[in-house]
Amino acid sequence: MGGSAGNLVEWYDWFAYSSFALYFAKHFFPKGDTTAQLLGTAGVFWAGFLARPLGAWIMGLYADKAGRREALTLSVAMMCAGSFAIAIMPDYGMIGAAAPFALLAARLVQGLSLGGEYGASATYMSEVAGKKNRGFWSSFQFMTLIMGQLTALAVLILLQNLLPKADLEAWGWRIPFVIGAGLAIVVFFIRMGLQESASFIAVQAQGAKTEKHPPTLALFLTYPRETWTIFGLTSAGSLAFYAYTTYMQKFLVNTSGFSKDAATGISAASLVAYMLIQPLYGALSDRIGRKTTLMFAFAAGAAATFPVMSQIAVTHDPMAAILLVVLLLAILSGYTAVNAVLKAELFPAHIRALGVALPYALANSVFGGSAEYAALWFKQAGHESEFYVYVAVVMACAFLITLTLKNTNKDSLIVED
């Protein structure tokens, strides 16, 4: 619970940006139509992803040297700073062209924070989970990630019902960032009281491990297979995740023709189902293996993405839209529920946080962060369905990678004592 609470708040702050982009886009990118304005905010969203590898590198090294708890505490403090900056930031009408650059700077701080958060929290929660039910307990890492996104949507729904639309578009969009900054302060003190993982303590007691290369080079020279495996799996998993979740809200408005309120409701309902599915897949992976759930996720995802998204594009029934989105998310859960523990099990403790964080962040920057921008680019070019093909092809490539995996349930490098 200690690790999960901070993870939830970190991801709430991160997703508050995309959840409220429909309302603040014109404040920072006033020129052009709705799609052009969303392209501007999507570009800044992607820039935040580009900062994540740097954050993953710095915080991964720090977590492997100073401890998981220290890295987790620092990451949530940085997220607090980024969220508070967005909450009080003057818009284009006040400072002109400097406004989008100020938004970009705050988003880069959040990107640095989240880049370090994933590796530290995935490593920490996998190390403290226990071997028998490690898939189940570590699945709460992604469950709280979804919960953070769902909390951001819940705040949006609440504000949509409490504030007139004009007020929400004028100043109400700042409220979620104030909430995020406040919650981050609370979590900062919670994380200060966490116990360090036994796996890290054991490594510290044994003394520093000797590698032929510095830690960063060791990833690519000593552990190249593990590093590139994580990069490949994350490329497909993050692209599909952001296509099915953060972009989906805009897709439902901009393509399917739902109102903003209806799109928010559809996204919220599908995320609730998605969140509850994670522990089920996590527990299943403890019985049948992480490799099996990953193979299912990427094979079924490659086959289903094009027909399901094509159907969502033309449906006008909210319940049908919910079921279709949940279908995609249920398939993807075979990856998301086990991705943290699988990656942690591939590396020894002295380089685990960096090994989990850096290739993940690199792949997220290239494929996850660009998902919305790529989707909107295809739409603006008049070839929206080609985005569905793009997602399906990348997932098919990840399926081929899963065929080369070992059974990490039995070959895990996590040593508990």
> Considering non-hydrogen atoms only, spot the tightest contact between Ala340 and Gln141 and give its length.
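Looking at all heavy atoms of both residues, the closest pair is CB-OE1, 3.7 Å.
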> What is the minimum heavy-atom distance between Ala102 and Met89, and which atoms define it?
O-CE, 3.2 Å
> Applying side-chain hydrogen bond (donor to acceptor under 3.5 Å, both in side chains), name anything that partners Tyr23, two or more places apart in sequence or on another chain.
Gln160
> Tell me, do Leu168 and Leu162 make a side-chain contact under 4.5 Å, heavy atoms counted?
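The answer is no; the side chains never approach within 4.5 Å.
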> List for me each residue that meets salt bridge (charged side-chain N to carboxylate O under 4.0 Å, His left out) alongside Glu169, sequence neighbours excluded, and say none if there are none.
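By the salt bridge (charged side-chain N to carboxylate O under 4.0 Å, His left out) rule, Glu169 matches Lys26, Lys260.
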> Can you find a pair of side-chain heavy atoms, one from Asn339 and one from Leu233, that are under 4.5 Å apart?
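No, too far: nothing below the 4.5 Å cut-off.
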> Sequence neighbours excluded, which residues qualify as side-chain hydrogen bond (donor to acceptor under 3.5 Å, both in side chains) partners of Ser310?
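For Ser310 there are no side-chain hydrogen bond (donor to acceptor under 3.5 Å, both in side chains) partners, ignoring immediate neighbours.
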> Output every pair passing ring-ring contact (aromatic ring centres under 6.0 Å, His included) with a member in residues 262-285, not counting sequence neighbours, ordered by first then second residue.
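Checked against ring-ring contact (aromatic ring centres under 6.0 Å, His included) - neighbours excluded - no pair reaches residues 262-285.
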> Would Trp57 and Thr216 count as a side-chain hydrogen bond (donor to acceptor under 3.5 Å, both in side chains) if you check the C-alpha gap in whole Å, the side-chain angles of each, and the deciding distance to 0.1 Å?
CA-CA 8 Å; Trp57 177 58; Thr216 306; 2.6 Å; yes
> Step by step, work out the side-chain hydrogen bond (donor to acceptor under 3.5 Å, both in side chains) result for Ser285 and Arg290.
CA-CA 5 Å; Ser285 79; Arg290 331 283 186 225; 3.0 Å; yes
> Can you pull the salt bridge (Lys or Arg N to Asp or Glu O under 4.0 Å) pairs that have at least one residue in residues 390-401, sequence neighbours excluded?
none
> Side chains of Phe296 and Leu284, heavy atoms from C-beta outward: is any pair under 4.5 Å?
no
> With a 4.5 Å heavy-atom cut-off, do Phe347 and Ile230 have their side chains touching?
yes
> Going by the salt bridge (Lys or Arg N to Asp or Glu O under 4.0 Å) test, which pairs reach into residues 383-397, not counting sequence neighbours?
Lys379-Glu384
> Is there side-chain contact between Leu328 and Ile312, with heavy atoms separated by less than 4.5 Å?
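Answer yes - side chains close enough.
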> Can you list, pair by pair, the side-chain donor-acceptor contacts under 3.5 Å of residues 366-373, counting residues two or more places apart and other chains?
| unit_1 | atom_1 | unit_2 | atom_2 | d |
| --- | --- | --- | --- | --- |
| Ser370 | OG | Val366 | O | 2.5 |
| Ser370 | OG | Phe367 | O | 3.4 |
| Glu372 | OE2 | Thr246 | OG1 | 3.3 |

> State whether Lys65 and Glu70 are salt-bridged, where the test is any N-O pair (Lys NZ or Arg NE/NH1/NH2 against Asp/Glu carboxylate O) under 4.0 Å.
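No, Lys65 and Glu70 are not salt-bridged.
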> For residues 329-341, which residue pairs pass the salt bridge (Lys or Arg N to Asp or Glu O under 4.0 Å) check, not counting sequence neighbours?
none
> Using side-chain hydrogen bond (donor to acceptor under 3.5 Å, both in side chains) as the criterion, list what pairs up with Tyr12, not counting sequence neighbours.
none
> Please name all residues satisfying side-chain hydrogen bond (donor to acceptor under 3.5 Å, both in side chains) with Thr305, sequence neighbours left out, ordered by chain then number.
Tyr244
> Distance-only criterion, 3.5 Å: show the donor-acceptor pairs between side-chain atoms of residues 148-155 and protein atoms not counting sequence neighbours.
| unit_1 | atom_1 | unit_2 | atom_2 | d |
| --- | --- | --- | --- | --- |
| Thr151 | OG1 | Met147 | O | 2.6 |

> Taking side chain as C-beta onward, heavy atoms only, is Met143 less than 4.5 Å from Leu8?
no
> Hey, do the aromatic rings of Phe84 and Phe177 have their centres closer than 6.0 Å?
no
> Just by distance, with hydrogens left out, do Lys343 and Thr229 show a side-chain donor and acceptor under 3.5 Å apart?
no
> Which class fits the ring pair Phe241 and Phe15: parallel under 30°, tilted 30 to 60°, perpendicular over 60°?
tilted
> If we ignore hydrogens and angles and just use 3.5 Å, is the side chain of Ser270 paired with the main-chain N or O of Ser267 as donor and acceptor?
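Such a contact is found between Ser270 side chain and Ser267 backbone.
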> Taking ring-ring contact (aromatic ring centres under 6.0 Å, His included) as the cut-off, I'd like each qualifying pair that reaches into residues 314-341, sequence neighbours left out, listed once.
Phe298-Tyr335
